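To keep things clear, I will list the structure first and then write my remarks on it.
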Amino acid sequence: QVQLVESGGGSVQAGESLRLSCAASGFIVGRRCMGWFRKAPGKEREGVASFDTDSTTKYADSVKGRFTVSRDNAKNTLWLQMDSLKPEDTAMYYCAAREFGVCGGSLPPPGSYSVWGQGTQVTVVS
């Protein structure tokens, strides 16, 4: 069964860090374009970062320099290290996997991903 399970969310103060994990089952993360997304209340789902099959990473401008996406092939897990968190980072965070193809030259749109996790809530208070 193809599945993604996120964890690691929580409530933190502005400036603090969180590390999200996305454990995959039923497929190998190293063979797919993987992405992190977030959705805040009243806003559209936003691409945060992507991790390509060749380990190329892409980031949204809003998180560049603060967030780092990585992959652990042995654990079949995708990570998102979030540093210097801001209140505007508050959202439900989701990881996703594309079924075919690489991520490409820019952050792939959410509609191009076929597998999604249930999400993990991140709340940043000032």
Side-chain angles (χ1 to χ4, degrees):
Q1 181 181 2
V2 174
Q3 190 175 15
L4 293 170
V5 179
E6 303 96 333
S7 62
S11 182
V12 296
Q13 297 283 330
E16 294 184 340
S17 299
L18 279 174
R19 189 186 191 198
L20 306 184
S21 67
C22 172
S25 57
F27 70 97
I28 299 173
V29 294
R31 296 181 180 176
R32 298 201 185 192
C33 167
M34 301 291 296
W36 283 100
F37 291 82
R38 65 187 181 186
K39 187 173 186 318
K43 295 185 178 181
E44 293 189 357
R45 186 168 41 182
E46 172 190 23
V48 174
S50 65
F51 197 102
D52 215 336
T53 54
D54 64 353
S55 299
T56 300
T57 57
K58 300 290 183 194
Y59 297 93
D61 288 342
S62 58
V63 306
K64 204 170 292 183
R66 300 187 297 120
F67 289 12
T68 304
V69 59
S70 61
R71 185 181 68 202
D72 186 331
N73 291 332
K75 295 183 178 181
N76 210 32
T77 296
L78 189 73
W79 302 93
L80 184 67
Q81 176 67 41
M82 306 186 296
D83 299 321
S84 302
L85 282 162
K86 303 176 181 180
E88 51 263 43
D89 294 319
T90 295
M92 185 71 80
Y93 283 72
Y94 302 87
C95 71
R98 297 182 78 175
E99 186 171 2
F100 302 109
V102 297
C103 293
S106 60
L107 282 174
S112 68
Y113 289 82
S114 58
V115 183
W116 290 84
Q118 83 290 349
T120 185
Q121 177 68 36
V122 172
T123 302
V124 185
V125 298
S126 56

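Bear in mind that the values here come from a model prediction, so they are computed numbers and not experimental data.
Aromatic ring pairs are classed by plane angle as parallel below 30°, tilted from 30° to 60° and perpendicular above 60°; the pair Tyr94 and Trp116 is perpendicular.
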task: Run the numbers on Thr77 and Val29 for side-chain contact (heavy atoms from CB on, under 4.5 Å), then give the verdict.
output: CA-CA 7 Å; Thr77 296; Val29 294; over 6 Å; no
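Between Lys64 and Asp61, at least one side-chain nitrogen of the basic residue sits less than 4.0 Å from a carboxylate oxygen of the acidic one, meeting the salt-bridge criterion.
The cluster map of Ile, Leu, Val, Met, Phe, Trp and Tyr, joined by side-chain heavy atoms under 4.5 Å apart, puts Met92 and Val115 in different clusters. A continuous path of hydrophobic side-chain contacts links Val63 to Met82 [ILVMFWY only; heavy atoms under 4.5 Å].
Put simply, the side chain of Thr120 gets close to the backbone of Gly9: a donor and an acceptor are under 3.5 Å apart. Between the side chain of Tyr59 and the backbone N or O of Val69, at least one donor-acceptor pair lies under 3.5 Å. Of the possible donor and acceptor atoms, one in the side chain of Asn76 sits under 3.5 Å from a partner among the backbone N and O of Ala24.
Nearest heavy-atom pair across Ser84 and Asp89 is O-OD2, 4.4 Å. Across all non-hydrogen atoms, the minimal contact from Arg32 to Ser114 is NH1-OG, 4.4 Å. Closest heavy-atom contact between Ser70 and Phe51: CA-CE1, 3.7 Å. Closest approach of Cys33 and Tyr113 over heavy atoms only: SG-OH, 3.5 Å. When all heavy atoms of Pro87 and Ala14 are compared, the closest pair comes out as CD-CB, 4.1 Å. In plain terms, the two heavy atoms of Leu4 and Gln118 that are nearest each other are O-OE1, 3.6 Å.
For CD of Gln13, the number of neighbouring non-hydrogen atoms (other residues, nucleotides, ligands) closer than 6.0 Å is greater than 12.
For the pair Leu85 and Glu16, the minimum side-chain heavy-atom distance is 4.5 Å or more. Arg71 has its side chain within reach of Ser55: a pair of non-hydrogen atoms, C-beta onward, lies under 4.5 Å apart. Val122 has its side chain within reach of Leu20: a pair of non-hydrogen atoms, C-beta onward, lies under 4.5 Å apart. The side-chain heavy atoms of Leu80 and Thr68, taken from C-beta on, include no pair separated by under 4.5 Å. Looking at Lys75 and Ser21, their side chains never come closer than 4.5 Å, going by heavy atoms from C-beta outward.
Legend: residues meeting side chain to side chain donor-acceptor pair (under 3.5 Å) with Asp52, ordered by chain and number and at least two apart, are absent. Thr123 meets the side chain to side chain contact (heavy atoms under 4.5 Å, CB included) test with Ser11, Thr90, Gln121, Val125; sequence neighbours excluded.
Rounded to the nearest 0.5 Å, atoms CD (Glu88) and CZ (Arg38) are 8.0 Å apart. Here CD of Gln1 is found 6.5 Å from OG of Ser25. Values are rounded to the nearest 0.5 Å.
Checked against the 6.0 Å centroid threshold, Trp36 and Phe67 do not count as a close aromatic pair.
Judged by a 6.0 Å distance limit and a 45° cone about the ring axis, Arg19 is positioned over the six-membered ring of Trp79.
Ser17 and Asp83 are linked by a side-chain donor-acceptor pair at a separation below 3.5 angstrom, with hydrogens and angles left out of the test.
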Pairs under 3.5 angstrom only: tabulate donor-acceptor contacts from the side chains of residues 96-110 to other protein residues two or more places apart or in another chain.
from  : atom 1 : to     : atom 2 : distance (Å)
Arg98 : NE     : Ser112 : O      : 3.4
Arg98 : NH1    : Val102 : O      : 2.9

